[in-house]
Protein chains: 2
Amino acid sequence: MIEKLQSKKQNPNTRLEKRLRGRPKKFDFSLALEQALALFWAQGFEGTSISNLSSALNMNRPSIYASFGNKEHLFKRCTEKYLAEKLSFIDEAMNEKNTLMAFEALFKKEIELISHGKGCLLVNTALTCNPMNEAIKTMLTEHRKTLESKFRKRIQLAQLKKEVGTKESPATLAKYIASIYQGLSVQTATGATNRGMREVVKIALKIFE
Amino acid sequence: MIEKLQSKKQNPNTRLEKRLRGRPKKFDFSLALEQALALFWAQGFEGTSISNLSSALNMNRPSIYASFGNKEHLFKRCTEKYLAEKLSFIDEAMNEKNTLMAFEALFKKEIELISHGKGCLLVNTALTCNPMNEAIKTMLTEHRKTLESKFRKRIQLAQLKKEVGTKESPATLAKYIASIYQGLSVQTATGATNRGMREVVKIALKIFE
DNA sequence: AAAATTTTATACTAATTGGTATAAAAATAT
DNA sequence: ATATTTTTATACCAATTAGTATAAAATTTT
């Protein structure tokens with residue numbers, strides 16, 4: 001009974017945010033963002049309409065605009081969330097103590113991430129688009145470049161420590177790793193199994209043995 | 001003067017098709033299809049509207065529908081054209097006399113094909129989409145699987161001829177090759193140069209040396 | 001209890017989407 | 001010349017797009 005009274009009209013935000021004055025939100029901001037991310041991830045930027053989002057988040061349109069801005073802005077927030085929460089393993093993998101372990105960890109975690117068949121958000125959601133949405137495509141492209149440069153830095157470090165040969169440049173090796181990473185993102189959208197992808201990685205990483 | 005009279009109201013189809021009864025088409029069917037392919041290739045399936053096509057092909061909408069059917073059907077025709085005209089090099093490459101040469105040829109030609117930065121149509125135009133357009137995504141996926149199976153068959157042949165080791169299965173090696181192929185398609189959309197991609201291929205094909 | 005505040009829900013906008021009906025235009029066949 | 005055929009161009013369709021104005025609802029503050 002006491003419990004029931006306490007949980008009466010419990011707002012998801014109550015515990016986190018200080019209760020504001022007006023009508024309480026019926027949605028949890030962070031959960032809604034996660035649901036938006038899931039939908040964009042599955043359907044791409046242009047494949048997802050505000051109406052789709054409205055249904056999926058159980059929010060009416062004015063609430064979406066009030067909370068997240070327009071479609072482009074919402075997608076950017078989702079991408080940031082994706083980078084912070086889903087791709088955090090990349091920095092962690094790059095901290096492994098040798099190159100082989102670093103990229104083994106990278107791909108192990110990537111395969112877990114993309115095993116649902118939707119691939120990597122940075123790769124699969126807007127490789128091409130209407131000129132109107134060029135900014136979205138460019139943003140994703142920049143993020144992919146950033147990933148590649150993280151690979152490059154890791155390889156540069158390894159070459160300094162003489163841990164890896166210097167025959168190929170770090171830039172080239174990084175591009176090779178990025179190609180595999182992106183290739184797997186397409187592979188999972190082509191029906192590849194986790195096992196199949198792990199075997200691809202095993203071959204791909206032979207160059208570091 | 002004579003030339004001018006001869007070329008008066010020259011219809012592009014005149015030479016090929018028997019002149020029909022009614023008002024002549026103002027467009028060349030094959031050219032229009034090529035322009036449609038170029039637009040879908042650059043903007044993706046969902047990023048290309050019938051209005052976009054109408055402008056690009058200089059055809060009004062009823063003419064597009066009359067000539068090519070609806071948007072989905074037109075995209076399928078473009079994909080078929082793409083396979084027949086742009087990806088014909090794949091079968092040719094698979095006919096090279098050894099595995100290394102086959103895949104060297106494959107990637108050399110692929111890089112030429114995608115060097116405009118739009119990647120491979122099968123990869124870059126609808127990796128994700130609205131559920132409404134699922135059939136398009138599925139069609140492209142099937143074509144990607146077909147490519148991979150061509151790689152697999154080539155490797156099976158090579159293993160029979162003891163030309164390549166049997167440590168990894170043809171299926172796995174084919175998936176590895178397909179991953180590189182698809183990875184390069186993303187790479188060119190990420191700003192990679194032809195030279196950069198060629199260097200990636202050089203590393204990738206070391207396993208066949 | 002009343003005022004203030006904030007979110008919700010409904011209903012709207014103008015533009016665009018994929019797709020088509022209709023009639024004029026431009027050719028050939030008779 | 002006239003009829004026939006085919007394409008073009010205009011104008012439309014219903015549905016959906018992204019985005020917003022407005023008022024009711026639900027809360028806290030006074």
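Proteins get letters first, then strands, A, B, ... in listed order; numbering begins at 1 in each. What's counted below: heavy atoms across the whole structure, side chains too, no hydrogens, waters or symmetry copies.
- Residues forming a side-chain hydrogen bond (donor to acceptor under 3.5 Å, both in side chains) with B:Ser49 (at least two apart in sequence, or on another chain): B:Asn52.
- Separating the OH atom of A:Tyr65 from the C1' atom of D:dA21 is a distance of 14 Å, rounded to the nearest angstrom.
- Residue B:Lys71 places its side chain closer to C:dG18 than to any other of C:dG18, D:dT29, D:dG19.
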Which pairs, protein N/O on one side and nucleotides 7-11 of chain D N/O on the other, fall under 3.5 Å?
residue, atom, partner, partner atom, Å
D:dT7, O4', B:Arg23, O, 3.1
D:dT8, OP1, B:Lys26, N, 2.9
D:dT8, OP2, B:Ser63, OG, 2.7
D:dA9, OP2, B:Lys26, NZ, 3.2
D:dA9, OP2, B:Asn60, ND2, 2.7

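- Near DNA chain C, meaning a heavy atom under 4.0 Å away, there are no residues from residues 132-143 of chain B.
- Put simply, B:Asn70 has a side-chain N or O that comes within less than 4.0 Å of OP1 or OP2 on C:dG19.
- B:Leu74 has its CG atom 10 Å from the P atom of C:dG19, to the nearest Å.
- With sequence neighbours left out, the side-chain hydrogen bond (donor to acceptor under 3.5 Å, both in side chains) criterion links B:Ser63 to B:Asn60.
- Legend: residues meeting salt bridge (charged side-chain N to carboxylate O under 4.0 Å, His left out) with A:Glu104, ordered by chain and number and at least two apart, are absent.
- Taken residue by residue, residues 32-55 of chain A places heavy atoms nearer than 4.0 Å to DNA chain D at A:Thr48, A:Ser49, A:Ile50, A:Ser51.
- No side-chain N or O of B:Asn130 forms a donor-acceptor pair with one of B:Glu46 less than 3.5 Å apart.
- Applying the ring pair (Phe, Tyr, Trp, His ring centres under 6.0 Å) rule to pairs touching residues 114-142 of chain B yields B:Trp41-B:His116, sequence neighbours excluded.
- Pairs of residues two or more places apart, or lying in two chains, that qualify as salt bridge (charged side-chain N to carboxylate O under 4.0 Å, His left out) and include a residue from residues 169-184 of chain A are A:Glu148-A:Lys175.
- Considering only residues two or more places apart in sequence or on other chains, B:Arg144 meets the side-chain hydrogen bond (donor to acceptor under 3.5 Å, both in side chains) condition with A:Thr190, B:Thr141.
- Residues meeting the side-chain hydrogen bond (donor to acceptor under 3.5 Å, both in side chains) test with A:Lys150, sequence neighbours left out: A:Asp91.
- Listed by first then second residue, pairs satisfying salt bridge (charged side-chain N to carboxylate O under 4.0 Å, His left out) with a partner in residues 55-73 of chain A read A:Glu72-A:Lys76, not counting sequence neighbours.
- By the salt bridge (charged side-chain N to carboxylate O under 4.0 Å, His left out) test, A:Lys108 pairs with A:Glu112, sequence neighbours left out.
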